[in-house]
Amino acid sequence: MTASGRRITDEQLEQARGADLLSFLQQYQPGELKRIGQSWTLRSHDSMRISADGRWNWFSQGVGGGDAISYLEKVHGMTFQEAVRMLAGNAYHTHPGTAPAAREPPPRTPFELPQKNRDSRRVFAYLCARGIDPGIISHCMKHRLIYEDAAHHNAVFVGHDEAGTARYAMLRSTASNSGFKIEQAGSDKSCGFCMKGSGQTLYVCEAAIDALSVATLRKLGGRDWRKDSYLSLGGVTASKEILPPALERQLKNFPFKRIVLALDNDDKGRQASQNIFRLLRERHPEIELKVCVPQEKDFNDQLRVKRQQKGQAPPSRETREIALAN
């Protein structure tokens with residue numbers, strides 16, 4: 001029987017599961033790794049993010065995992081057996097050259113919010129143009145969840161920890177036809193943008209604008225949007241093993257009784273919904289779960305289509321000024 005045909009042993013499996021992904025990449029692809037803040041990326045795949053504990057997410061492909069085995073399977077197309085043999089076999093441990101150097105976790109970049117502009121009028125107008133209700137925008141600005149940065153007039157969506165301290169920020173351009181968006185350096189992804197309500201239902205969305213759109217749709221439908229909470233995950237992956245950090249943190253700190261997954265209507269969003277639904281059902285059977293899929297690509301598109309169908313123009317400047325002042 002060939003080496004590839006032999007069954008993997010329990011010892012090989014244990015070694016492979018304990019293999020450090022960054023050490024493996026430092027040995028086999030040292031020129032590929034590039035440090036970004038508190039994580040790493042690959043020069044050939046700049047949408048890849050690898051954390052110091054071995055978790056990885058390949059955002060452009062919608063895949064991710066928590067160990068080196070899943071990385072070799074999903075990124076390099078290996079079978080499970082091939083990945084285990086690669087990580088546990090002689091080729092890894094006796095590769096020419098010195099053994100992987102001891103690696104300290106990359107230093108965490110200190111988090112600082114971008115400097116605020118003297119007002120947030122451009123951000124207010126931008127979000128109104130996206131169909132978001134002016135009262136909801138005003139509410140978020142009063143509660144330090146949204147503001148306009150001074151340097152580039154970006155919309156800044158802020159996430160806080162349990163003590164109310166800002167720990168996360170997503171910046172999004174307000175310029176026409178610009179797709180620029182980036183997380184502020186040092187952001188803690190477990191502290192995602194979240195509008196907290198008085199009730200025990202949590203809507204889980206991909207982006208802050210999706211969360212704002214879901215709240216607006218509920219308000220347009222005559223619902224009390226303030227009762228519910230709306231969480232942005234800051235993007236999703238198709239990980240089958242790990243709950244998104246922002247959702248996991250919310251569940252540790254608040255006893256939600258109902259969760260509605262309101263992710264995008266595309267392959268990545270649907271796969272993420274399936275994975276998150278399964279993980280929640282396994283780990284939190286006490287929580288009522290629901291999946292809400294937008295008719296359009298995402299809930300902001302659905303909101304804008306609904307406003308067009310009803311002939312609702314974006315709020316006038318006078319309306320925006322009144323809402324902004326309140």
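Not measured: the values here are computed from a predicted model.
- Counting heavy atoms from C-beta on, the side chains of F254 and S229 never come closer than 4.5 Å.
- No more than 12 heavy atoms of other residues, nucleotides or ligands lie within 6.0 Å of NZ in K181, so this atom counts as exposed by the packing criterion.
- Side-chain atoms of Q271 and D267 form no donor-acceptor pair, as typed in the model, at a separation below 3.5 Å.
- When the shell of 6.0 Å around CD of Q295 is examined, it contains 12 or fewer heavy atoms from other residues, nucleotides or ligands.
- Contact annotation: the side chain of I276 never approaches that of I259 to less than 4.5 Å [non-hydrogen atoms, C-beta and beyond].
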Run the side-chain contact (heavy atoms from CB on, under 4.5 Å) check on I137 and L212 step by step: do they pass?
CA-CA 8 Å; I137 304 170; L212 293 165; 5.7 Å; no

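- With rounding to the nearest 0.5 angstrom, the CD atom of Q274 is 11.0 Å from the CG atom of L261.
- Minimum interatomic distance between G66 and I242 (heavy atoms only, all atoms of both residues): CA-CD1, 3.8 Å.
- Between H160 and F193, the closest side-chain pair of non-hydrogen atoms is not below 4.5 Å.
- Neither L127 nor V305 shares a network with the other; the hydrophobic side chains, linked directly or stepwise wherever heavy atoms of I, L, V, M, F, W or Y lie under 4.5 Å apart, form separate groups for each.
- A donor-acceptor contact shorter than 3.5 Å is absent between the side chain of R122 and the backbone of A155.
- Around CD of E296, the count of heavy atoms belonging to other residues, nucleotides or ligands within 6.0 Å exceeds 12.
- Without hydrogens or angle criteria, N117 side chain to D119 main chain gives a donor-acceptor distance under 3.5 Å.
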L87 vs Q15, side-chain contact (heavy atoms from CB on, under 4.5 Å): CA-CA, chis, key distance, verdict
CA-CA 7 Å; L87 294 166; Q15 289 176 338; over 6 Å; no

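- Residue R17 qualifies as open at atom CZ: its count of foreign heavy atoms under 6.0 Å is 12 or below.
- K34 places no side-chain N or O within 3.5 Å of a backbone atom of W40 that could act as its donor or acceptor partner.
- Counting heavy atoms from C-beta on, the side chains of V236 and N275 never come closer than 4.5 Å.
- For the residue pair R270/N265, the side-chain donor-acceptor check at 3.5 Å is satisfied.
- At least one donor-acceptor pair under 3.5 Å links the side chain of S51 to the backbone N or O of R55.
- Counting only distance, with no hydrogens or angles, the side chain of E286 and the backbone of K257 share no donor-acceptor pair below 3.5 Å.
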List the steps, then state whether salt bridge (charged side-chain N to carboxylate O under 4.0 Å, His left out) holds for D228 with R218.
CA-CA 10 Å; D228 303 321; R218 290 182 58 73; 2.9 Å; yes

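- Two residues are said to be in side-chain contact when any heavy atoms from C-beta on lie closer than 4.5 Å; F124 and P134 meet this criterion.
- Y168 and E183 form a side-chain donor-acceptor contact under 3.5 Å, judged by distance and modelled atom types alone.
- Nearest approach of Q200 to P255, heavy atoms of both residues: NE2-O, 3.6 Å.
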I'd like to know whether H139 forms a side-chain contact (heavy atoms from CB on, under 4.5 Å) with H143, so could you lay out the CA-CA distance, the side-chain angles of the two residues, the decisive distance to 0.1 Å, and finally the verdict.
CA-CA 6 Å; H139 170 88; H143 289 81; 3.3 Å; yes

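- Closest approach of P114 and Y147 over heavy atoms only: O-OH, 2.6 Å.
- Among all heavy-atom pairs drawn from L263 and C205, the shortest one is CD2-C, 3.8 Å.
- Remark: the N300 side chain and the R130 side chain contain an N/O donor-acceptor pair separated by less than 3.5 Å.
- Nearest approach of G135 to K219, heavy atoms of both residues: CA-NZ, 4.4 Å.
- Between the side chains of W56 and S70, a donor-acceptor pair is found at a separation under 3.5 Å.
- The local environment of CZ in R304 is crowded, with over 12 non-hydrogen atoms from other residues, nucleotides or ligands closer than 6.0 Å.
- Within 6.0 Å of CD in E11 there are 12 or fewer heavy atoms belonging to other residues, nucleotides or ligands.
- Judged by distance alone, with hydrogens and angles left aside, the side-chain atoms of T174 form a donor-acceptor pair with the main-chain N or O of H153 at under 3.5 Å.
- Considering only heavy atoms from C-beta on, M48 stays 4.5 Å or farther from N57 through its side chain.
- Distance check: S120 OG to I146 CD1 gives 9.0 Å after rounding to the nearest 0.5 Å.
- When atom types are taken as modelled, the side chain of N154 and the backbone of V156 share no donor-acceptor pair closer than 3.5 angstrom.
- Within a 6.0 Å radius of CZ in R49, other residues, nucleotides and ligands contribute more than 12 heavy atoms.
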Between F24 and L72, does a side-chain contact (heavy atoms from CB on, under 4.5 Å) hold up when you go through it step by step?
CA-CA 11 Å; F24 175 83; L72 292 177; 3.9 Å; yes

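- A distance-only check finds no donor-acceptor pair linking the side chain of T216 to the backbone of I132 [under 3.5 Å].
- Using cut-offs of 30° and 60° on the angle between ring planes, the pair W225 and Y230 is tilted.
- The main-chain N or O of I36 is found under 3.5 Å from a side-chain atom of S39 such that the two form a donor-acceptor pair.
- Pairing each heavy atom of F111 with each of G186, the nearest pair is CB-O, 3.5 Å.
- Proximity of a side-chain donor or acceptor of E206 to a complementary backbone N or O of D264 within less than 3.5 Å is detected.
- The side chain to side chain donor-acceptor pair (under 3.5 Å) test with S190 singles out one residue from E248, Q250, R167, R249, and that residue is R249.
- With no hydrogens or angles considered, no side-chain donor-acceptor pair links D210 and S213 at under 3.5 Å.
- Considering only heavy atoms from C-beta on, I50 stays 4.5 Å or farther from T41 through its side chain.
- Counting non-hydrogen atoms of neighbouring residues, nucleotides and ligands closer than 6.0 angstrom, the CZ atom of R223 reaches no more than 12 such neighbours.
- Two residues are said to be in side-chain contact when any heavy atoms from C-beta on lie closer than 4.5 Å; S173 and Y126 fail this criterion.
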